[in-house]
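To start, the structure itself, in structure tokens.
Residue numbers start from 1 in every chain, and the chains themselves are labelled A, B, ... in the order their sequence lines are given, proteins ahead of strands.
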Amino acid sequence: MAGKIKQMIDSIINQRAKDNPMLVGVIKSKLMLKGIDPGKFTASSDDDPAIIAKLEAVMKDLK
Amino acid sequence: MYIKTAYSTKGTSDDVIQDLKSQLGGFDTKMLVFFASSRFAPNIISQKVQDAFPGAAVFGCTTSGEIVTGKMLKNSLVAMAFDATAVNDVKVEIVENPKNENSVRKAFAGFESYFKAPMSELDPSKYVGLIFVDGLSGAEEKLIDKIGDLTNVTFIGGSAGDDLKFEATHVYANGKSYTNAAILAVLKPGVPFAFIKTQSFCDLGKKLVVTKANEEKREVIEFNDKPAAHAYAEALGVAVEEAPNRFMHNPVGLVIDGTPFVRSPQRIKGDNMIFYCGVTEGMELSILESTDIIDDTRKALEQAKKDLGGISGIININCILRTLELDQKQLTDEYGKLFADVPTVGFSSYGEQYIGHINQTATMLVFK
């Protein structure tokens, strides 16, 4: 499977930033400090389970 | 004037308190942030400062040197008082055992109950967070990471110091002192505010990717699939034995939008490298080289002044490694004078927080 990480990153940014460009930048920075560089993932990136687990933890806090 | 500073270098805690009270006499203090040398008994000084300002939210931490308008000090106590015009509302929470994410949730529940809104919905343009952490807890990364997951409100602050003894650091709130803890304060300022994150480094364009790390211990085992110390020394073109002499001048940084989030090496252990803050597998770090702290800080202050249209107060958390570099270069007076025109309070810290946990940086909350 591929592309799940980009989907999750996009979902987190959309839900948290709500189209506020300043917040988009901050949320991307927070992800980079977790070791996840949003710019490195595309729709064809492999589904790395370790990164998916980190993103799932972030998504849990959105609920 | 809705923000006022005071400081004291007097000998006893009673004399210091009297000095503070006389300098802030007649000022209607709603919130008081203070930073005190570790020479003061933490429980006693915290209680006495709270007793001196009974109606105010009072919090702060121990230091490795203090900063006040125009000066860098040692063995002193510095304080910044805010009236209700500067800070409309404030709620302080204590996070004990900050590595436990449930402790953060508990503190956030306190904020939510007080402000009657979920922290995830609080408007980051109207609210701001201050954070002061036990500087020897090693908990900063987890704490600021969890905070960042739970809210869009920006938390800015630093890690308490203890005058370079590395024995015990304390945070203060509500007349008590705490170790293995953090103080979180959510403020609703009545005036516009901004942030300064300034570090004096340029990117040398040499990349070190963390390929193996023990994240809990802030330890990098491999950079670029090579033993960490060897890869770092090789990137600088020096022998491994020479590498520790380059740590202060050449830390590494996670560069985001052209700005480094600095991670400072502490020591070499075998072939591994221990850092003063967290490094994560997969992180692409750049080798940095130090530039001019005075010039860079001056520019950051000028920019903030321009953006806000004036500054009425600054809380400045300045990394102890920057203070040591200023000391070595005999530039502490010059650094202090950068803040001569603006009410300023701050301290030399064992780490700084802004979005993440960082090193060799000054993080500042600036009020118009």
## Note on the structure
Applying a strict 4.5 Å limit to non-hydrogen atoms, the region of B:Glu101 in contact with chain A is neither
### Query
In this structure, are over 12 heavy atoms from other groups packed under 6.0 Å from B:Glu216 atom CD?
no
### Query
What parts of residues 21-40 of chain A touch chain B if we use heavy atoms and a cut-off under 4.5 Å?
A:Leu23, A:Val26, A:Ile27, A:Ser29, A:Lys30, A:Met32, A:Leu33, A:Lys34, A:Gly35, A:Lys40
### B:Val255, part contacting chain A, at a heavy-atom distance under 4.5 Å
backbone
### Query
Is a side-chain donor or acceptor of B:Asn152 paired with a backbone partner of A:Arg16 at a separation under 3.5 angstrom?
yes
### Message
With a 4.5 angstrom heavy-atom cut-off, is it the side chain or the backbone of B:Glu284 that approaches chain A, or both, or neither?
### Response
side chain
### Query
More than 12 non-hydrogen atoms from neighbouring residues, nucleotides or ligands closer than 6.0 Å to CG on A:Asp19, yes or no?
no
### Query
Using a cut-off of under 4.5 Å for heavy-atom pairs, which of B:Gly278, B:Gly356, B:Gly148 has the most such pairs with chain A?
B:Gly148
### Query
Is it the backbone or the side chain of B:Thr151 that comes under 4.5 Å from a heavy atom of chain A, or both, or neither?
backbone
### Task
For A:Asp46, look at atom CG and say whether over 12 heavy atoms of other residues, nucleotides or ligands are found less than 6.0 Å away.
no
### Message
Given heavy-atom pairs under 4.5 angstrom as the criterion, report whether the side chain, backbone, both or neither of B:Ile355 touches chain A.
### Response
both
### Task
Answer yes or no: are there more than 12 heavy-atom neighbours, outside B:Lys226 itself, under 6.0 Å from its atom NZ?
no
### Query
Within a radius of less than 6.0 Å around CG of B:Asp257, do more than 12 heavy atoms belonging to other residues, nucleotides or ligands occur?
no
### Query
Just wondering, more than 12 heavy atoms not from A:Lys54 lying within 6.0 Å of its NZ?
yes
